[in-house]
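One structure below.
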Amino acid sequence: MKELYKTRYLQGFSLLVIFLAVVRLAFVDSPREPAASEEAEAEPVTELAEVVAPVPEEVGEEPEAVVAEVGEVEKDTPPAVEDTPPAEVGSSRFFNADGTLARHRIYSVASYATAFPDTNALQLIYARRYGTTPVADRAEAEVRKADLVYIGSNPYYHVAPLGQSIPYLVPRAAMLLQDIGHAFYDSLQIKGIPLHQIVVSSVLRSDADVARLRRRNPNATENSCHRFGTTFDISYVRYKTVEAPDGPARRQVRNDSLKWVLSEVLNDMRNQGRCLIKYERKQPCFHITVR
């Protein structure tokens, strides 16, 4: 009887084991995805700066770091911007950065003949283009107010006593003469040279002036640029000192030094396309026609 119970027990136990094995094989669990909360707990984020997603590079855009959001992330407060001093205004030609008077060297030109080669024939083309019709005499020039302006000694230049011309120019040439005198002052100032005025030695020649000149000099040309009011001569051997009548004595300046400075000014004007210039030797002057 006991053996019967033992046999049935073993059989039942075996059937139960087989049944559980079949159930196990029939309901095998697939790998389970961990929950978001569990993943966060398993791998806690310690620093936001390390959680950066890669950003694709696009043409024309600056790459920016994208920080993953973990709850509500507070943005860093930008650092305070200190007041920036205003940009310095461009330095002056007359003063150094420390406020002291700037001094510039005298360079002159390599060769007067090379720097100022414009012949009378070339200047005559521009004289006819920009000038007025010749005047018979001074009386006619005085009534040609639409074409000519009177030029006299002023703060920027000195007109010498004129024996073979009259003090009139077309407005274009009068402005050029004024600018030359102004630029000459500026150059003297930045080179530390006492101020001097340029001296104008010849201006507009009327028909009467040309006739008198040819009586004295048969080689004088009738086709002078001076007849059109576009041309004037500036002496390079005479200058007028600028000083106060009761002021202190000024140091003397050699004419050569003033000539060098004047040549720099005229060279700049010519390179800017404002005039044509001939360096005259027989009559010591710069022969200038406006463009």
Side-chain angles (χ1 to χ4, degrees), residues 92-96 100-120 123 151-165 167 169 173-204 225-226 230-291:
S92 170
R93 294 187 302 165
F94 302 102
F95 299 96
N96 299 316
T100 58
L101 188 65
R103 296 297 174 90
H104 296 248
R105 294 180 56 189
I106 301 175
Y107 292 98
S108 186
V109 293
S111 166
Y112 296 116
T114 302
F116 310 113
D118 304 318
T119 63
N120 184 75
Q123 294 193 33
I151 64 162
S153 298
N154 64 37
Y156 294 111
Y157 58 82
H158 175 74
V159 179
L162 303 175
Q164 300 173 351
S165 64
L169 288 172
M175 182 61 68
L176 172 66
L177 176 58
Q178 185 88 354
D179 291 345
I180 291 173
H182 193 176
F184 185 62
Y185 269 7
D186 286 350
S187 293
L188 293 176
Q189 176 71 19
I190 63 178
K191 296 177 190 301
I193 301 174
L195 296 183
H196 289 73
Q197 287 181 317
I198 55 175
V199 174
V200 181
S201 56
S202 183
V203 200
L204 173 66
C225 300
H226 286 279
T230 57
T231 306
F232 51 87
D233 295 342
I234 296 178
S235 173
Y236 55 71
V237 294
R238 289 189 290 167
Y239 301 89
K240 186 174 178 59
T241 303
V242 179
E243 60 184 345
D246 300 329
R250 289 161 37 109
R251 66 182 177 88
Q252 296 295 318
V253 182
R254 293 171 44 196
N255 279 356
D256 282 347
S257 298
L258 298 173
K259 180 182 178 181
W260 294 335
V261 176
L262 178 58
S263 69
E264 293 178 16
V265 172
L266 296 180
N267 191 47
D268 289 342
M269 292 289 180
R270 183 178 181 275
N271 289 337
Q272 293 169 13
R274 296 195 58 185
C275 58
L276 299 170
I277 305 175
K278 180 70 169 69
Y279 178 71
E280 300 283 0
R281 296 181 181 274
K282 294 182 179 180
Q283 298 178 352
C285 67
F286 293 104
H287 181 70
I288 305 169
T289 296
V290 71
R291 293 184 62 176

Contacts of Tyr107 meeting ring pair (Phe, Tyr, Trp, His ring centres under 6.0 Å) (sequence neighbours excluded), chain-then-number -> none
Could you tell me if the side chain of [Y] sits less than 4.5 Å from the side chain of [X], heavy atoms only?
X	Y	result
His287	Asn120	yes
Phe232	Leu176	yes
Ser263	Phe116	yes
Val159	Ser153	yes
Ile180	Tyr156	no
Trp260	Leu262	no
Leu258	Val253	yes

**Report entry** CA sep, side-chain torsions, deciding dist, call: Ile190, Asp186, side chain to side chain contact (heavy atoms under 4.5 Å, CB included)
**Finding:** CA-CA 6 Å; Ile190 63 178; Asp186 286 350; 5.7 Å; no
message: I'd like to know whether CD of Gln272 has more than 12 heavy-atom contacts from other residues, nucleotides or ligands below 6.0 angstrom.
response: yes
Nearest 0.5 angstrom please: [X] [atom1] to [Y] [atom2], how far?
X	Y	atom1	atom2	value
Ile277	Asp233	CD1	CG	11.5 Å
Leu204	Cys225	CG	SG	12.0 Å
Leu177	Ile288	CG	CD1	8.0 Å
Leu266	Phe184	CG	CZ	9.0 Å

Side chain to side chain donor-acceptor pair (under 3.5 Å) involving [X] - partner list, sequence neighbours excluded:
X	answer
Thr289	Gln123, Thr231
Thr114	Ser111
Ser235	none
Arg291	Tyr126

So the ring pair (Phe, Tyr, Trp, His ring centres under 6.0 Å) pairs with at least one residue in residues 236-259 (sequence neighbours excluded) are Tyr236-Tyr279, Tyr236-Phe286
Applying salt bridge (charged side-chain N to carboxylate O under 4.0 Å, His left out) to Asp256 and not counting sequence neighbours gives Arg254
Review point. Can you list the steps and then say if Tyr157 with Gln178 is a side chain to side chain contact (heavy atoms under 4.5 Å, CB included)?
Key: CA-CA 7 Å; Tyr157 58 82; Gln178 185 88 354; 3.4 Å; yes
Heavy-atom closest pair (Pro167 atom, Leu162 atom, distance to 0.1 Å) is N-CD1, 3.7 Å
Here the salt bridge (Lys or Arg N to Asp or Glu O under 4.0 Å) pairs for residues 263-283, sequence neighbours left out, are Asp118-Arg270, Asp179-Arg274, Lys191-Glu264
With a cut-off of 3.5 Å and sequence neighbours excluded, list every side-chain donor-acceptor pair involving residues 195-202.
from   : atom 1 : to     : atom 2 : distance (Å)
His196 : ND1    : Pro194 : O      : 2.8
Gln197 : NE2    : Asn154 : O      : 2.7
Gln197 : NE2    : Pro155 : O      : 3.2

